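A short worksheet on the structure shown next.
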Amino acid sequence: MTAFESTDLGLQFPPDFIWGVATSSFQIEGAAVEDGKGRSIWDSFCRVPDAIADQSDGDIACDHYHRWAEDLNLIASLGVDAYRFSVSWPRVRPTGAGRWNEKGLDFYERLVDGLLVRGVKPYLTLNHWDLPDELQSSGGWANRDTVHRFVEYALGMHDRLGDRVAAITTHNEPWVMAMLGHETGVFAPGLKDRAIAMQVAHHLMLSHGLALQALRAQGCKAKLGIVLNLSPVHPATDAPADLAKAQLEDGRLLRWYMDPLFKSAYPQDVIEFLGLDAPRIEVGDLQAIATPMDFLGINYYSRSVASAAEPWDVHRSGREVTDMGWEIYPEGLTELLLRLHQDYPVPPLYVTENGGAFKDQLINGRIRDTQRTDYIARHIVAVAEAMRQGVRMEGYMVWSLLDNFEWASGYEKRFGIVHVDYASQLRTPKDSALWYRDFLQRQRAQRDAAATGA
Ligand code: IFM
């Protein structure tokens, strides 16, 4: 018996705690050129030879654009409170400016209304990486104009859906878009230039702040926030070089985003490290970025280990790793949440993504993914521990509802709690999905019993 066969984990979360599952547009929708959708930078990046491990693309993905109703039924069957999804900007405004695409907007209307009918709260993300390709032709996020196009996009989506969504997230993981997209070039748009990457990071943060201000001015009722991918950064040893490397990595991953959001400043040590690669910042930008938020989303998968001499070998700690090669380190989530709570005046926090890729085997129609269940359960325990120590948490969401297009890894890595057979598009809930469903049922039963004094 594994530690987590018991579905209640001995934990009782607050009655209004939000449990969810998450996806993103490019990773599941498909219908890449249907109903007037424009191309995104990921549509183009997938055409670059060897950019994607299995040479795949998002043309069909999970065919969610056509199977959305079936997928919403799946979501409802899990008994979650919320579904976190993203809008494909080029589907609703094909070139990122100018004409809006009614058919694309209709799709998200159907999706949001379908969630509400099923009693699931829509958590909408505006930018989960699929920037309209046309905007990239004029510099993409490195061009300050894109900031203003993003604000228009945010307002347009608010006009259509603002009365029905529970929350709007501006950006998912600005670090990933800026660094992997523009410094290392392993993600779209595939650039390798540190100065551009830092300008992109600044423009993403600026567009976040300006969008929040514009949405609030429009009377937005949905909760507003941003989602960051964060990890504790541990030095490999106590050697001064490793400590210094960890400090810098922490600056580039965490403080570069958290400091402007909550302290109206970029970290000085990182500015010094960047030298001439530091971004151009105009008067008023930092005040805009620090516009107060209703929530902060954290995507957590693993810790990071900084080693000055040679790249850290993840197997050195002797811990299990996922199929992505990421060390399983649940206590890092507690450490991270406590640190955010202690170092910054944060609003309520969500874990907006957490989950693992594992090699699944479909045997007689069943996937016994005990490692994934174990991963999720241990991270839920880590959230509970942070709450016990005083961190204000409002929700937890599993990444991901479905197996899907895992960016540069293509379809080779499976994060879903629901298996997707890409040839037939058959969905099969894995054991982890059933465990999550039962865990949530149990939470609800305890909640009801407490309310009635039973
Ligand atoms: O699949 C991604 C997601 O799009 C963003 N956060 C990390 C996930 C796993 O790599």
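What you see is a predicted model, and the numbers here were worked out from it, not measured in a lab.
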Next on the checklist: Could you walk me through whether F415 and F358 satisfy the ring pair (Phe, Tyr, Trp, His ring centres under 6.0 Å) test, starting with their C-alpha distance in whole Å, then the side-chain angles of each, then the deciding distance to 0.1 Å, before giving a yes or no?
Outcome noted: CA-CA 7 Å; F415 272 92; F358 294 97; 8.5 Å; no

Next on the checklist: Could you go through Y411 and Y422, starting from their C-alpha distance and side-chain angles, then the distance that decides it, and tell me whether this counts as ring pair (Phe, Tyr, Trp, His ring centres under 6.0 Å)?
Outcome noted: CA-CA 9 Å; Y411 296 94; Y422 294 112; 4.7 Å; yes

Item to check | Working for ring pair (Phe, Tyr, Trp, His ring centres under 6.0 Å), residues Y123 and Y83 | outcome: CA-CA 6 Å; Y123 274 58; Y83 175 50; over 10 Å; no

Any sub-3.5 Å donor-acceptor pair from [X]'s side-chain atoms to [Y]'s backbone N or O?
X    : Y    : value
D159 : M157 : no
K263 : M258 : no
T452 : D448 : yes
Q27  : F405 : yes
D369 : Q371 : no
R447 : P15  : yes
R84  : T352 : yes
S264 : Q287 : no
N101 : R91  : yes

I'd like to check [X] versus [Y] (side-chain heavy atoms, cut-off strictly below 4.5 Å). Are they in contact?
X    : Y    : result
Q12  : Q443 : yes
V346 : V391 : no
L254 : D250 : yes
M393 : V351 : yes
V398 : I376 : yes
L212 : M293 : yes
W407 : S24  : yes
P174 : L228 : yes

Can you tell me if [X] and [Y] form a side-chain donor-acceptor pair at under 3.5 Å?
X    : Y    : result
E331 : T334 : no
Q425 : R427 : yes
T370 : D374 : no
D133 : S40  : no
E152 : H148 : no

Next on the checklist: Are more than 12 heavy atoms, taken from residues, nucleotides or ligands other than K121, located less than 6.0 Å from that residue's NZ atom?
Outcome noted: no

Item to check | Within 6.0 angstrom of I281 CD1, more than 12 heavy atoms from elsewhere | outcome: yes

Spacing of [X] atom [atom1] and [Y] atom [atom2] [to the nearest 0.5 Å]:
X    : Y    : atom1 : atom2 : answer
F85  : E29  : CZ    : CD    : 9.5 Å
R378 : N354 : CZ    : CG    : 11.5 Å
S304 : L230 : OG    : CG    : 11.5 Å
T146 : L131 : OG1   : CG    : 6.5 Å
R93  : S88  : CZ    : OG    : 13.5 Å
N229 : M179 : CG    : CE    : 10.5 Å

Item to check | Chi angles and distances behind the side-chain contact (heavy atoms from CB on, under 4.5 Å) call for N127, T170 | outcome: CA-CA 6 Å; N127 174 24; T170 51; over 6 Å; no

Tell me if the centroids of the rings in [X] and [Y] come within less than 6.0 Å of each other.
X    : Y    : result
Y396 : F17  : no
W175 : Y257 : no
F107 : Y65  : yes

In terms of side-chain geometry, is the basic nitrogen of [X] or [Y] positioned less than 4.0 Å from the acidic oxygen of its partner?
X    : Y    : answer
R388 : E385 : yes
R444 : D81  : yes
D403 : K430 : yes
R303 : E335 : no
D285 : R144 : yes
R164 : E109 : yes
D259 : R255 : no
D71  : R67  : no
D294 : R216 : yes

Checklist entry - Of the options H208, H182, H202, H171, which is the one that meets W141 in a ring pair (Phe, Tyr, Trp, His ring centres under 6.0 Å)? => result H171

Next on the checklist: As a quick check of understanding, evaluate side-chain hydrogen bond (donor to acceptor under 3.5 Å, both in side chains) for H66 and E34, giving each step before the final call.
Outcome noted: CA-CA 11 Å; H66 300 112; E34 214 170 308; 2.7 Å; yes

Checklist entry - Which pair of heavy atoms, one from A154 and one from L126, lies closest together, and at what distance? => result CB-CD1, 3.6 Å

Checklist outcome for this item: Between Q213 and A288, the two heavy atoms sitting closest are NE2-CA, 3.7 Å

Parallel, tilted or perpendicular: which fits the ring planes of [X] and [Y], with parallel below 30° and perpendicular above 60°?
X    : Y    : answer
Y436 : F439 : parallel
W19  : F13  : perpendicular
Y375 : H379 : parallel
F187 : W129 : tilted

Checklist entry - Residues in salt bridge (Lys or Arg N to Asp or Glu O under 4.0 Å) with R437, at least two apart? => result none

Checklist entry - When T169 is tested against each of T125, L124, L296, L224 for side-chain contact (heavy atoms from CB on, under 4.5 Å), which residue passes? => result T125

Checklist entry - So among D360, T322, D431, which one has a side chain to side chain donor-acceptor pair (under 3.5 Å) with R372? => result D360

Item to check | Which residues share a ring pair (Phe, Tyr, Trp, His ring centres under 6.0 Å) with H234, sequence neighbours left out | outcome: Y329

